[in-house]
Amino acid sequence: MLTIHVAEASPETAVLVDGALVAAVGPYEDLAAVRPEARVRNWPGILTPGLLNPFGPELLEGMYHPDPREAAGFGTEPIPGERAQRIFRADPARRGASARRGVQRLLAHGTVAIAGELRGAAAVDAVRRAGLAIARRPERLPGPPSFSPTPLVLLPGLVPGGPARFAVFDVPDRAGLVRLGASTCVATVLGGRLVFRRQ
């Protein structure tokens, strides 16, 4: 199925998606004229190639991501450090569910690729199932582990024939994204699939 994704503040970089691939990138009017049968998804903000988060192991294996039903005992925010490792040692089966929830947090921050060597099967499986790309880790890491690291690392621009992998942020421009951070993500697409949409 053909789908055109267009964001209000960046209509000149609309994306025509055909299955798992980018069919074309360009002004929305041009894409709609060439493929009028395509379904259109309108988004606020800007459409970007998505973010690389270099802290894959730290976020997916070094933190415990509580189930919402565990809020009374663990809260709702990720638990880092030794406390997370104690939780995993007490119940190793928690690793898989925690990694899957961690991946969902990454997707909710416009992450389409991660870097860093994942050592556990649970995290590797969660990343593979989601369709996140694996990239080379930068030599210098940007500050402490975060779902919205500073500075943000945008991937190279989308190209026809490349993977349909991108994110949309509800900001007026890239400067706004840098200022407000990755929590402004409203949609993330991996392999042509809408894997996150802010309600």
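Starting from 1, each residue takes its place in the sequence as its number.
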Original post:
Can you check whether L194 reaches R41 side chain to side chain, under 4.5 Å on heavy atoms?
Top reply: yes
Subject >> Transitive ILVMFWY side-chain link V103 to L155, under 4.5 Å >> reply: yes
**OP:** Scan side-chain atoms only and decide if Y64 and R94 contain a donor-acceptor pair under the 3.5 Å cut-off.
**Re:** yes
**OP:** Could you tell me whether the side chain of F166 reaches within less than 4.5 Å of the side chain of V25, counting heavy atoms only?
**Re:** no
Subject >> Nearest atoms (heavy-atom pairs only) where V112 meets P49 >> reply: CG2-O, 3.6 Å
Original post:
Taking all non-hydrogen atoms of both residues, which atom of A14 and which atom of I4 are closest, and how far apart?
Top reply: CB-CG2, 4.3 Å
Original post:
Hey, any chance L152 and V171 share a hydrophobic cluster, counting ILVMFWY side chains that come within less than 4.5 Å of each other, even indirectly?
Top reply: yes
Original post:
Under the 3.5 angstrom rule, does the side chain of S10 hit a backbone N or O of E12 as a donor-acceptor pair?
Top reply: no
**OP:** Please report the shortest heavy-atom distance between P78 and P80, naming the atom on each side.
**Re:** O-CD, 3.6 Å
Subject >> Trace of the side chain to side chain contact (heavy atoms under 4.5 Å, CB included) decision for V195 with V189 >> reply: CA-CA 6 Å; V195 293; V189 172; over 6 Å; no
Original post:
Below 4.5 Å, heavy atoms only, C-beta onward: do F147 and T111 meet side chain to side chain?
Top reply: no
**OP:** Could you state whether L52 and L106 fall into the same hydrophobic cluster, counting links through intermediate Ile, Leu, Val, Met, Phe, Trp or Tyr residues with side-chain heavy atoms under 4.5 angstrom apart?
**Re:** yes
**OP:** Treating Ile, Leu, Val, Met, Phe, Trp and Tyr as nodes and any side-chain heavy-atom pair under 4.5 angstrom as an edge, say whether V153 and L141 lie in one connected cluster.
**Re:** yes
Subject >> Atom pair CG/OG of L180 and S148 - distance to nearest 0.5 Å >> reply: 9.5 Å
Original post:
Salt bridge or not for R136 and E117, using N-O below 4.0 Å?
Top reply: no
Original post:
Which pair of heavy atoms, one from I79 and one from P66, lies closest together, and at what distance?
Top reply: CD1-CG, 4.2 Å
**OP:** I would like to know whether L158 and L47 meet side chain to side chain contact (heavy atoms under 4.5 Å, CB included); could you show each step before the answer?
**Re:** CA-CA 10 Å; L158 300 170; L47 191 149; 4.1 Å; yes
Original post:
Can you tell me how far CG of L190 sits from CG of L107, rounded to the nearest 0.5 angstrom?
Top reply: 6.0 Å
**OP:** Working to the nearest 0.5 Å, report the span between CG of L21 and CG of L16.
**Re:** 11.0 Å
Subject >> C185 backbone acceptor or donor facing R198 side chain under 3.5 Å >> reply: yes
Original post:
Going through the distances and angles, do V168 and T188 end up as a side chain to side chain contact (heavy atoms under 4.5 Å, CB included)?
Top reply: CA-CA 6 Å; V168 184; T188 304; over 6 Å; no
Original post:
What's the spacing between I114 CD1 and I134 CD1 if we round to 0.5 Å?
Top reply: 4.0 Å
Subject >> Backbone of A7 reached by a side-chain donor or acceptor of N42 within 3.5 Å >> reply: no
Subject >> Note, E70 side chain near D67 side chain (heavy atom, < 4.5 Å) >> reply: yes
**OP:** Decide if atom CZ of R69 counts as having more than 12 heavy atoms of other residues, nucleotides or ligands within a radius under 6.0 Å.
**Re:** no
Original post:
Measuring from E37:CD to L2:CG, what's the distance to the nearest 0.5 Å?
Top reply: 5.5 Å
Original post:
Taking all non-hydrogen atoms of both residues, which atom of G62 and which atom of A84 are closest, and how far apart?
Top reply: O-CB, 3.8 Å
Subject >> Side-chain heavy atoms of F55 within contact of P144, under 4.5 Å >> reply: no
Original post:
Can F74 and I87 be said to form a side chain to side chain contact (heavy atoms under 4.5 Å, CB included), step by step?
Top reply: CA-CA 10 Å; F74 292 124; I87 293 170; 3.5 Å; yes
Subject >> Backbone N/O of E58 and side chain of E61: donor-acceptor pair under 3.5 Å >> reply: no
Original post:
Between T48 and G50, is there a donor-acceptor pair closer than 3.5 Å when you use the side chain of the first and the backbone of the second?
Top reply: yes
Original post:
Has R197 got more than 12 heavy atoms of other residues, nucleotides or ligands less than 6.0 Å from its CZ?
Top reply: no
Original post:
Do L118 and V127 have side-chain heavy atoms sitting under 4.5 Å apart?
Top reply: yes
Subject >> Validation row: T3, V40 side chains within 4.5 angstrom (heavy atoms) >> reply: no
Subject >> Heavy-atom side-chain contact between Q85 and M63 under 4.5 Å >> reply: no
Original post:
Cluster question for you: counting only ILVMFWY and a side-chain heavy-atom cut-off of under 4.5 Å, with indirect links fine, are L60 and L132 together?
Top reply: yes
Subject >> Side-chain (H65) to main-chain (L59) donor-acceptor, under 3.5 angstrom >> reply: yes
Original post:
Where is the tightest heavy-atom contact between P172 and A9, given as atom of each residue plus distance?
Top reply: O-CB, 3.5 Å
**OP:** Verify, without hydrogens or angle tests, whether R137 (side chain) and P54 (backbone) share a donor-acceptor contact under 3.5 angstrom.
**Re:** yes
Subject >> Side chain D173, main chain G176, donor-acceptor under 3.5 Å >> reply: yes
**OP:** Could you tell me the separation between the CG atom of N53 and the OG atom of S146, rounded to the nearest 0.5 Å?
**Re:** 7.5 Å
Original post:
Crowded around R129 CZ? As in, over 12 foreign heavy atoms under 6.0 Å?
Top reply: no
